[in-house]
Every structure is written in C-alpha cells, then in structure tokens.
Amino acid sequence: GDVRGGMPGRRGCRPSRPMDAERMDSLDGWVSVKSGLFTETQRPRLRFLAAWNEVEGKFAVTCHNRQLQARVAEPEPEAPAPSSWAALYSPQELCCIHRVLAASCAALERCFPALPELRPRGLWGLLFPGSSLAEGSEPGTDLDSVCRQLELYLDAAIELCGHRIALDTLFPEGEVEDYFESVSELRGRSLEQRVAGGREALRKILNQHIQAKDLVMLKRFYLEEDEAYQELVTAATQFYQCLLQPFRDMREFASLCKQEALKSLEFDTLGPRRIQSLQKEVEEWSRRMQEAVCSIQDITVDYFRETVKALAAMQKRMEEDRTQFGKAAWASVAPRQEKLRFMFAKEMLQYTRAKELCLKRKKTQIQYKMEHLDTRKAVAMVDELEMQYYETQLELYNIQLETLKYEELLVVAQLDTIRREAREKEEEVVYYDACEDPEQLRANEGMGLVHDSRSVDIKMLLHKVHQLENKRGAICSRRSYLRNKREECKETQRAKQQQLQGEEANFRQHHSIQLVSDYKVQLD
C-alpha cells in the first residue's frame with residue numbers, strides 16, 4: 001500500500017508538520033539572558049558577618065561593602081548603590097542557597113560547614129520544629145564556631161562564584177526581568193554581528209585576488225565576491241529595516257493621532273479648553289512625526305554608506321586586476337566591470353539623494369529658528385543663523401552637484417554597455433544557405449527574403465545611445481546652472497562675512513575710544 005506521511009496504519013494521509021517542529025522557529029516562551037551579566041571589572045571589598053538570632057531562631061547574615069562605605073560622605077547626584085545587606089536564614093534555607101552556589105562553582109561543595117540540628121530533643125522538638133536552639137540545644141554545640149565557619153564559606157563563595165551571583169543569591173532585590181533583555185534588542189545585535197561578518201568575509205575575498213595566477217582563478221574569486229556582496233546586502237537590509245521599524249511605527253501612529261485630533265477640531269462641538277488641548281496635541285504629534293522622519297532619513301544614509309563602501313572596494317580591486325591582463329583576455333570579464341560601475345553609480349546616486357534630504361531638513365530647521373527668534377535675542381542670533389544658512393546652502397549645492405556627477409556616471413555606464421553590444425553586433429558573422437542559381441538569389445533579394453536582423457538591432461541600440469546622449473546633455477546643463485548658483489551663494493556669503501568683520505572692527509574702535517574717554521574722566 002501507499003502510505004504517505006502521517007502515522008503508521010493510515011493510508012493517504014497528508015504529511016503534517018509536528019507541533020514541536022512548528023514551535024522550533026517561534027520565540028514564544030524563550031528568554032534572552034544579557035551577555036556579560038556576571039563579568040566583574042572591579043571586585044568590591046565585601047565583609048560578611050554571621051550571628052545567631054535567638055528571637056527568630058535563625059542565622060543573621062550581614063554583608064558590608066567597605067569600598068562604598070568609604071564614599072558615603074561624597075555627594076552623588078543619583079541615588080547611591082546599597083552598601084550593606086542583611087537577612088535571616090534557617091539552616092534549611094542556607095542549605096538551599098549552598099546548592100545554588102555549588103551549581104555555579106563545584107569547588108564550593110566541600111566548603112559548606114556542618115550546621116547543627118536546630119531542634120529541641122524529645123516531644124517538644126516534634127511539636128515545635130521552629131523553636132530556638134537555646135530551648136534545647138544538643139550538648140557541645142558551638143554556635144560561635146559555626147558562625148565563623150559560615151563567614152569563611154561566604155567569603156569563599158564571593159571568591160569562587162563572583163560577588164554578583166553570591167549577592168543576588170543571598171539577598172535577592174531586583175526583579176527576574178533585570179537579567180533578561182528584549183528579543184528585539186537581541187535580534188538587532190545578532191543582525192549587526194551578521195553585517196560585520198559579511199563585511200569581513202568580503203574583505204578577505206578581496207585580499208585573495210593577489211593569489212590569482214590566471215583569469216580562471218580570478219573568475220572564481222569574482223563569483224565568491226559577488227556571493228559575499230549579496231550576503232552583505234541582505235544582512236544590511238535586514239539590520240537597517242530592524243532599525244527603521246520603530247520609527248516607521250511612530251510615524252504612522254503620530255500621523256493617525258494627529259488626523260484624529262484635527263478631525264475632532266473640525267467636526268466636534270468643543271469648549272475653549274478642549275480646543276486648546278487638542279491644538280497642543282496636534283503640535284506634539286507633529287513634532288514626534290517629524291522626529292521619526294529625521295531618524296528614518298539618518299538611518300537610510302547609513303545604509304547606503306555601507307553598500308557604497310563595499311561597491312567602491314570591489315570596483316577598485318577590479319581596476320587593479322585589469323592591469324595584470326591584456327585587452328583580449330580582459331574582454332571576458334568586461335561585462336562584470338560595467339555592471340559594477342552601474343551598480344556603484346546607482347547606489348551612490350541614492351546615497352547622495354538621501355544626504356540631500358538631510359541637508360534640506362537642516363536648512364528648514366534654520367529657517368524655522370529665524371522665524372521664531374525671541375525679540376531680545378534676535379539681534380545677536382540673526383547674523384549667526386544667517387551664516388549657518390549660507391553654509392548649509394553651499395553644502396546642499398555641493399551634494400546636488402555630486403548627485404549630477406553620479407547621474408552622469410550612470411548614463412556613461414549605460415552608454416559603454418550599449419556601445420559594446422553594438423560593436424559585438426557589427427563584428428558578428430552571419431552565415432546564409434548556399435544558392436545554386438544567381439537568378440534565384442536576386443529574386444529572393446527583390447522579395448525581401450534575405451534579411452539581416454543585425455541592422456535592426458544596431459539601429460535600436462544607436463537610438464538608445466542618442467537618447468542617453470540627450471540625457472547627458474541635460475545633466476551637464478543642470479550642472480552648469482548649479483555651479484553658477486553656488487558661486488553666487490559664495491559671493492553673498494563672502495560679502496556678509498566682510499560686513500560682519502567691518503561691524504566688529506568698528507565696534508572695537510568705538511569701544512576703545514570710549515575706554516580712553518572714560519579713563520581721562522577718571523583722571524580728571
């Protein structure tokens with residue numbers, strides 16, 4: 001019979017994934033312990049004191065941090081860390097603590113002292129198991145000796161297990177959640193490590209190009225390099241998407257709350273206080289939305305910086321490899337070099353556009369500050385803000401010129417590829433079937449049966465070249481316009497600087513004259 005998956009004895013069952021297998025990919029029920037939680041950069045000076053508490057019938061354990069107690073007189077802006085701890089433990093509780101500490105360090109097993117039986121003899125001991133040792137201690141029991149041994153044991157626990165584990169076991173204060181970290185932070189850190197690993201793997205492959213003895217080995221390195229770059233891009237995309245997601249959520253949530261507040265202001269009948277409150281909410285959600293947008297733009301710049309840096313290293317290494325081979329041999333890997341140029345220009349174009357958005361945001365912020373200046377500070381701040389505005393505008397012109405530069409490089413990369421394809425079409429050899437009768441050959445030509453498709457493909461390629469050349473001309477025209485605007489901005493900034501320097505010189509001159517006049521008045 002045909003039994004497909006499922007349990008034995010069932011025929012025709014569809015294969016189903018076990019429940020345990022479905023839970024393997026889920027993080028439900030799992031916790032992430034913080035890394036380096038019990039590492040000790042500096043061990044504190046701890047002193048343990050143990051004594052028998054006759055009232056409670058338990059051992060009183062006290063710990064003092066001598067190092068913190070010495071600093072207790074120093075003023076601290078924040079709440080100081082505790083310098084002393086105290087607790088009461090029965091012998092059974094001390095045994096449980098010992099088992100926990102011994103699980104952390106097996107060498108501590110033989111250090112635990114033998115505690116006496118804290119129970120009166122006879123019937124009263126069975127009826128009142130928590131009674132004091134003084135009510136019926138066994139003869140020869142030396143509590144002071146036991147307390148000294150317990151102090152030595154706790155000192156050994158600090159030495160072998162570390163102060164963090166020992167103190168948290170003896171005097172638990174914090175919540176259990178203090179030991180854990182959020183799964184999102186863990187995922188972000190693992191993705192960041194993956195990006196660093198991808199970056200290192202690509203660097204190692206690029207350094208191996210020196211070992212290439214021929215073009216066959218170099219092509220194998222190029223395949224590994226392409227795979228490593230793709231892994232790096234995938235890891236970087238996941239990592240920066242993880243960074244972007246909280247800000248995207250905040251942007252969407254702030255936009256939704258802002259729309260709800262505006263809708264309430266427009267359609268609801270409200271009192272003056274409610275209207276004022278909603279207006280403040282609109283301003284607050286607008287501010288939060290703008291902050292989220294700014295963070296998204298900054299993270300986007302960081303992502304494209306990562307990919308551009310990798311592509312620049314790959315392109316530079318390939319340019320160095322080109323010098324080791326002849327033109328005919330290099331023709332087999334020329335398409336990859338053209339593809340690299342195209343990818344680099346494309347990524348660099350997105351990188352410069354992302355930086356342009358950040359500069360425009362900075363310019364808008366300066367304009368907002370100038371519009372909302374306090375009247376008392378306006379005179380002192382307007383010149384400074386104006387100079388910042390000119391500097392930002394010059395940076396914006398520079399980044400726009402850089403954007404046009406890589407737009408042109410993108411067009412040039414496309415032109416090189418199309419021209420190479422056209423050249424290959426022209427050099428392609430076409431074979432035709434033999435024709436025995438010349439009259440039949442002329443008749444075929446007259447009827448259009450003899451057709452060379454190469455000319456059509458070449459015409460299409462040349463048409464694309466013409467379009468790209470026109471686009472390149474428009475880019476050059478735009479670049480010339482931006483250069484003129486940049487020179488005008490520089491001239492305006494230079495004139496403003498000279499004006500400020502002249503005003504400062506006049507102020508100093510008048511101030512010095514006033515000082516001399518005041519000095520003469522004092523002499524008179």
Within a strict 4.5 Å, meaning less than it, do heavy atoms of the [X] and [Y] side chains meet?
X: Y222; Y: M318; answer: yes
X: R317; Y: M314; answer: no
X: L311; Y: Y229; answer: yes
X: R336; Y: D226; answer: yes
X: P335; Y: K339; answer: no
X: R341; Y: D416; answer: yes
X: E421; Y: T417; answer: yes
X: K355; Y: Y351; answer: yes

Check ion pair [X]-[Y] (N to O, under 4.0 angstrom):
X: R361; Y: D298; result: yes
X: R288; Y: E284; result: yes
X: R203; Y: E200; result: yes

Closest approach of [X] and [Y], non-hydrogen atoms and distance?
X: L359; Y: T392; value: O-CG2, 3.7 Å
X: Q400; Y: L482; value: OE1-CD2, 3.5 Å
X: F221; Y: Q211; value: CE1-C, 4.5 Å
X: L410; Y: L349; value: CD2-CD2, 4.2 Å
X: C242; Y: G188; value: SG-CA, 4.1 Å

[Y] versus [X], side-chain donor and acceptor atoms under 3.5 Å:
X: Q337; Y: E319; answer: yes
X: E347; Y: T307; answer: yes
X: E320; Y: H209; answer: no
X: Q245; Y: D249; answer: yes
X: T237; Y: Y303; answer: yes

* Going through the distances and angles, do R248 and Q241 end up as a side-chain hydrogen bond (donor to acceptor under 3.5 Å, both in side chains)? -> CA-CA 10 Å; R248 287 175 173 169; Q241 289 289 346; 2.7 Å; yes

* **Cation-pi check, R194 onto F239 ring (under 6.0 Å, within 45° of axis)** => no

* Decide yes or no on side-chain hydrogen bond (donor to acceptor under 3.5 Å, both in side chains) for E402 and T352, but give the supporting numbers first. => CA-CA 7 Å; E402 194 173 357; T352 53; over 6 Å; no

* **Positive for side chain to side chain donor-acceptor pair (under 3.5 Å) with Q467, one of H463, K471, K464** =>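 So, applying the side chain to side chain donor-acceptor pair (under 3.5 Å) to Q467 and each of H463, K471, K464, only H463 qualifies.
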
